[in-house]
**Q** 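Below you'll find the structure I mean.
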Amino acid sequence: MTIYEFPHNFLWGAATASYQIEGAWDEDGKGESIWDRFSHTPGKIEDSSTGDVACDHYHRYEEDIALIRRIGLKAYRFSIGWARVLPQGRGKINLKGLDFYDRLVDSLCAANIEPFLTLYHWDLPQALQDEGGWENRDTCHAFADYTTVMVKRLGDRVKYWTTFNEPSVITYDGNLSGEHAPGIQDPRVAFQVAHHLMVAHGLGVQALRSTNPQVEAGIVLNLWMADPATNSPEDIAAAETAWNRSETLFLDPIFKGHYPHAAYELAGENMPAVKDGDMTLIAQKLDYVGINFYSRNLVSANGNIDIVPGSEYTEMGWEVCAPALRRMLNKINSDYDLPPIYITENGSAFKDEVSADGKVHDPRRLDYLKQHFIQTHLAMQDGVDVRGYMVWSLLDNFEWGHGYSKRFGLIRVDYDTQQRTIKDSGEWYAEVIRTNQIYE
Ligand code: IFM
């Protein structure tokens, strides 16, 4: 038997995002967000659902924190609904919205759970979208002002601040394929948005540090390893190109201070103008970087291999390949001078059922997590500085364009009754956290 023991202060946690769990979409003065608008537009969400109620976390956060305690999580990663606090995106503060996050943070601290806060997990106030959204550089300044509001109120209790979750998904899904809000399909807009997200990140970091120098500032990037299908030089080169084209667009500006050659190739004439000083702003030193990892691409010189023979796939159609996590961590560790890393999301959607005993037996999710924890441990032995791990997700929730059809939770949510049930994977995770080790 092999035992993998984690450092005593390893930050075990789970993650969620405001639009995916909160519900209460128009309560207590909250403004409309682009996801409210998008999900209310017929034909946009696979099961025609919305986040109007979601997991009703806005009303049930105490119950959810009690569940977090039962699992023994040391950290909870959540995001702020910008439009809940600033209904118009800027200007007048909605105190009831701000108070909600204040109570949430107070309850977490009282339960000895480290709050790990994301400022932007995709729910831009619709009022700002009406002025051009992220295509408009003014939105970057609105983001900085919103950041200041939040850190003034919560900076005394929240140490970990993330500016953006997954800028590449905001760019590509929101503005190129249009599968996500705001549903734009325009390469020129998409690359302009990408650059403005980076500028806003830089301004956000400045706002955090100038308001409260004690807080730790970071960003969360989602990375898919690109593995070559064979050891042939052609496949290896193809995998490298695939990695550069999809993963370095945000890594390079943040950690090298310039856009990669691949970005210019990819964007062509749509490459946005970069103003003097932007790159220095974007490349400010961070206190940590969050990495979201779910799967990999297997690449050959003839294109991606869609179905890898013998591999297991999740309900998202993503291949299960935990060793790719170790390879990816080693790759970024050698390609960049990185601050400490947190795995800020990792998890899997499977078809769960409630058994006759009332429990949810989800061995495939449990095994998925176990394999990824082990590969993280191996990467740490290789020398990668990983400080914590947030499972996606605490609760089953609204999976964006897929609605409620994909369940990622450690805790099952019955959307008719809002009843929560900790799944086997959640019970197992509790034991991992309690013993701080995994064995196989
Ligand atoms: O649900 C999402 C989350 O909001 C961002 N990262 C990926 C998850 C699963 O698709």
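Quick caveat: nothing in here was measured; it's all calculated off a predicted structure. Counting convention: from 1, in listed order, for ligands and their atoms alike. All values below come from the heavy atoms of this structure, side chains included, with hydrogens, waters and symmetry mates left out.
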**Q** Could you check whether His59 and Glu27, counting side-chain N and O atoms only, form a donor-acceptor pair closer than 3.5 Å?
**A** yes

**Q** Could you establish whether Lys406 and ligand 1 come within less than 4.0 Å of each other, counting only heavy atoms on the residue side?
**A** no

**Q** Compute the shortest N/O to N/O distance between Gln20 and ligand 1 and return yes if it is under 3.5 Å, no if not.
**A** yes

**Q** For Glu166, counting its heavy atoms only, list the atoms of ligand 1 lying under 4.0 Å from any of them.
**A** 5 (C), 6 (N), 7 (C)

**Q** In this structure, is the centre-to-centre distance between the rings of Tyr368 and Trp318 below 6.0 Å?
**A** no

**Q** Tell me which protein heavy atom sits closest to atom 9 (C) of ligand 1, plus the residue, atom name and distance to 0.1 Å.
**A** Glu399 OE2, 3.4 Å

**Q** Could you check whether Asn436 and Trp12, counting side-chain N and O atoms only, form a donor-acceptor pair closer than 3.5 Å?
**A** yes

**Q** Got more than 12 heavy atoms from elsewhere within 6.0 Å of CZ, Arg70?
**A** no

**Q** Among all protein non-hydrogen atoms, which one is nearest to atom 5 (C) of ligand 1, and what is the separation to 0.1 Å?
**A** Glu345 OE1, 3.2 Å

**Q** Provide the number and element of each atom of ligand 1 under 4.0 Å from a heavy atom of His121.
**A** 3 (C), 4 (O), 5 (C)

**Q** Looking at the rings of Tyr19 and His121, which for Trp means the six-membered one, are their centres under 6.0 Å apart?
**A** no

**Q** Check whether any heavy atom of Phe293 sits under 4.0 Å from an atom of ligand 1.
**A** no

**Q** Less than 3.5 Å apart, any donor N or O on the side chain of Arg103 or Tyr61 sitting next to an acceptor on the other?
**A** yes

**Q** Between Asp47 and Tyr404, does any side-chain donor sit less than 3.5 Å from a side-chain acceptor?
**A** no

**Q** Output the list of atoms in ligand 1 that are nearer than 4.0 Å to some heavy atom of Phe408, sorted by atom number.
**A** 9 (C)

**Q** Find all atoms of ligand 1 within a distance of less than 4.0 Å from any non-hydrogen atom belonging to Trp318, and give their numbers and elements.
**A** 10 (O)

